[in-house]
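Fair warning: this is a prediction, and the values are worked out from it, not measured in the lab. Below, chains carry the letters A, B, ... as their sequence lines are ordered, and counting in each starts from 1.
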Number of protein chains: 2
Amino acid sequence: MRKASVTIKEIARLLEISKSTVSRALRDSSEISEDTKKKVLDLAESLHYAPNPIALSLLKNRTQTIGVIVPEIANRFYSSAIGGVEDIAYSRGYHTMIYQSHESLERELSACRHISLRRVDGLVVAISAHSENIDHFIELQEQGIPVVLFDRVTDALQTHKVRVDDYKGAFEATEHLILQGCERIAHIAGPKQVSVSTNRIEGYREALRKYNIPFRDEWVLHSPITQAGGTERTYQLMALRNRPDAIFGASDRITMGIHWALRQLGYKMPEEIAVIGFCDLAMSSLLDPPISSVTQPAFEMGQQATSLLLDLIESKNTPASYETRVLPSNLVIQKSSLKATVPVN
Amino acid sequence: MRKASVTIKEIARLLEISKSTVSRALRDSSEISEDTKKKVLDLAESLHYAPNPIALSLLKNRTQTIGVIVPEIANRFYSSAIGGVEDIAYSRGYHTMIYQSHESLERELSACRHISLRRVDGLVVAISAHSENIDHFIELQEQGIPVVLFDRVTDALQTHKVRVDDYKGAFEATEHLILQGCERIAHIAGPKQVSVSTNRIEGYREALRKYNIPFRDEWVLHSPITQAGGTERTYQLMALRNRPDAIFGASDRITMGIHWALRQLGYKMPEEIAVIGFCDLAMSSLLDPPISSVTQPAFEMGQQATSLLLDLIESKNTPASYETRVLPSNLVIQKSSLKATVPVN
DNA sequence: CTGAAAGCGCTTACAG
DNA sequence: CTGAAAGCGCTTACAG
């Protein structure tokens, strides 16, 4: 059986004063005498009194807890972002509940239901790839639970958003490949309908345009964010009669798959085919050859999304306008795309 | 402002009956007429009534929520285990709160405080490397909150435990290296004081003993579970006058570090030095050469720990005795330790 | 400065 | 079969 904890009632009984007075003394109300305050505070401390947050939640309809939904916690980008969320939440007195959507609309719905029922105060979310419909987020907002989007955003939801400059990141990666002398650059993109994928394809396309390289449909494939997805698409690309001399991967998982497939197939990177990806740097440096990467400030994205969210939670009125923050990505060149250099020994 | 949800009171008012009757009808109590039941249920449905779990928590001192503390969610082993926890919890009607200790006692304490305050119903935990003192878990137990250990266990806590047969896994890995002809086998172990590390060292030691190979202190180093840790220890080992011809790594992170360091240093695996680790297979297969691994059933460990926990939560009385489940690991041989084979082309 | 009362949303003995 | 009352742990107008 659960041991009962110390309550205000208990303190009141021991001190032979009323619950109201104890409660006020505990919150340091100005209308209580210093004398009683001290008595209450001392006893509370010696009894290890801690207010019951559940009672407070029931009273205030607030829980000092925020939710975060990501597609997958095992993904380095998201686990870093969660680190950023926890960092800000913790320092401002909130706790974090982590949910995984596994890219499924149904699990996203279930998380939202839990959030609404449990009176979570707000939500930071990277939308699942299969959520064309986002009514569940609108519903939360209508219930007064603010939602902030990060990474995967959508125009359909009016709120603060934090994302990376995917367009520019993809542009730079593609331009780098072109400057290395690549002429047949393929792109394995993330899931369709995801904002991130679309923006990256646009950046890729624009870089090709700038250098008058024709855009070819058969060189752009969509893939789930998995290693297997990257591998299969690579097989498909390299099987083409006119095969690419460079592949640009949209995520670290996908890019790992590309790397693996190319090695299986016996290609030399970067001599025969150059590779670059939107990657987790630690991981890509381990591979042979290390993969050039567009890296993203995941931790910082989590931080910024969370402080925007907490501002929404703590301000009474809806803000005049919502903000979209676009953070820069960073291009890190490694051996996998360095055609021109002397070989590393 | 938060929109008010439908309450029992509201339903009672609309139907002009008492709250008690509504409550009973909703829980399908046998003492309510079919007639009223139907009326209540119909209205509840059309109003999308859902009971307020916070009110229930306050009443029952239970939350239908379990906690799970792991050192790091970004670690594949733990994120898979969390998958197993969620799987069972979800199917038995519980929700999961995820906490990271980041191997820090302080953060573990903070998680336990939150668990106790928030009336979380039970806890699944892999103890942090810096928690020699485990009083906080004992305290939870004394408060009636059951705790189940997995992976990182300790004799100091009386409870159900789920772990892998680390001793046997390490024995087999070491024996495999010996059978490949390795004679100077080093071991980069995990943090001291962690049960897992100790057991693996024992298995390693016993395999050496079986084949009359002397155990040498300078060939066994402890490391945090990070890539950097593995790298540094590898430098240290290879700098020895009498350097090893095989390294056995205790975790995937450590083993990635070993792999990376050996490549940096210009050694050929497995010809000049063989490598094997306790690894995430997907990851180790990506490297060149792919790393032989002792793999662990992470998902299943999470599942088993959780069902043991839920049994504790749902049974009134403490069980007569606690159970320790030891799951087998699995040895997967890849190129990094295959000295005898013809070279792969 | 302090206390009694009402209420957050629910359940459950206790009456009838 | 149904309802009034008490209570989970807390806060906060309202009196005094």
B/Val85 and B/Ile66: CA distance, side-chain angles, deciding distance, side-chain contact (heavy atoms from CB on, under 4.5 Å) verdict: CA-CA 9 Å; B/Val85 171; B/Ile66 62 171; 4.0 Å; yes
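- For the P atoms, the distance from C/dC1 to D/dC10 is 25 Å, rounded to whole Å.
- With sequence neighbours excluded, the residues satisfying side chain to side chain contact (heavy atoms under 4.5 Å, CB included) with A/Ala111 are A/Ile69, A/Tyr99.
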May I have the list of side-chain donor-acceptor pairs in residues 36-43 of chain B shorter than 3.5 Å, sequence neighbours left out?
| unit_1 | atom_1 | unit_2 | atom_2 | d |
| --- | --- | --- | --- | --- |
| B/Thr36 | OG1 | B/Ser33 | O | 3.3 |
| B/Thr36 | OG1 | B/Ser33 | OG | 2.3 |
| B/Lys37 | NZ | B/Asp28 | OD1 | 3.0 |
| B/Lys37 | NZ | B/Ser29 | O | 3.1 |
| B/Lys38 | NZ | B/Asp42 | OD2 | 2.7 |

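- Taking side-chain N and O atoms only, B/Ser18 has a distance below 4.0 Å to OP1 or OP2 of D/dG3.
- If you measure from atom NZ of A/Lys60 to atom C1' of D/dT12, you get 9 Å, rounded to the nearest angstrom.
- Remark: A/Ser20 pairs with A/Ser18, A/Arg24 by the side chain to side chain contact (heavy atoms under 4.5 Å, CB included) rule, at least two apart or across chains.
- For B/Glu323, the side chain to side chain contact (heavy atoms under 4.5 Å, CB included) criterion is met by B/His160, B/Leu308, B/Arg325, not counting sequence neighbours.
- For D/dT2, one of the phosphate oxygens OP1 or OP2 lies less than 4.0 angstrom from a side-chain nitrogen or oxygen of B/Ser33.
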Output one line per pair: protein atom, nucleotide atom from nucleotides 13-16 of chain D, and distance, for all N/O pairs under 3.5 Å.
| unit_1 | atom_1 | unit_2 | atom_2 | d |
| --- | --- | --- | --- | --- |
| D/dA13 | N6 | A/Arg24 | NH2 | 2.2 |

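- What separates CG of A/Leu117 from C1' of C/dC10 is a distance of 13 Å, to the nearest Å.
- Note on residues 91-103 of chain B: pairs passing salt bridge (Lys or Arg N to Asp or Glu O under 4.0 Å), not counting sequence neighbours, are B/Arg92-B/Asp311, B/Arg92-B/Glu314, B/Glu103-B/Arg152.
- Ranking C/dC1, D/dT2, D/dT11 by closeness to the A/Thr36 side chain, first place goes to C/dC1.
- Nearest heavy-atom pair across B/Ala89 and B/Leu310 is CA-CD1, 4.3 Å.
- If you take atom P in C/dG7 and the same atom in D/dA4, they sit 15 Å apart, rounded to whole Å.
- Applying the 4.0 Å criterion to OP1 and OP2 of D/dT11, one finds that A/Ser23 has a side-chain N or O inside that range.
- Atom NZ in B/Lys39 sits roughly 12 Å away from atom C1' in D/dT2 (whole-Å rounding).
- Applying the salt bridge (Lys or Arg N to Asp or Glu O under 4.0 Å) criterion to A/Arg76, with sequence neighbours excluded, gives A/Asp280.
- Legend: residues meeting side chain to side chain contact (heavy atoms under 4.5 Å, CB included) with B/Ala50, ordered by chain and number and at least two apart, are A/Leu117.
- For B/Glu72, there are no salt bridge (Lys or Arg N to Asp or Glu O under 4.0 Å) partners, not counting sequence neighbours.
- Atom pair B/Arg62:CZ and C/dC10:P shows a separation of 18 Å (rounding to whole Å applied).
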Dot-bracket pairing map - DNA chain D, Watson-Crick plus G-U, both contacts under 3.5 Å, | cross-strand: |||.||||||||.|||
side-chain contact (heavy atoms from CB on, under 4.5 Å) between B/Thr63 and A/Arg118, intermediate numbers included: CA-CA 10 Å; B/Thr63 51; A/Arg118 285 264 158 211; 4.2 Å; yes
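- One can place NZ of B/Lys19 at 13 Å from P of C/dA6, the figure rounded to the nearest angstrom.
- As a whole-Å value, the separation of B/Ile32 CD1 from C/dT12 P is 13 Å.
- Take A/Glu300 and apply the salt bridge (Lys or Arg N to Asp or Glu O under 4.0 Å) test, not counting sequence neighbours, and it matches no residue.
- In this structure, CZ of B/Arg119 is placed 12 Å from C1' of D/dC10, rounded to the nearest angstrom.
- Of the residues in residues 48-59 of chain A, those lying under 4.0 Å from DNA chain C by heavy-atom distance are A/Leu58, A/Leu59.
- Between B/Lys9 atom NZ and C/dG7 atom P the separation is 7 Å, expressed in whole Å.
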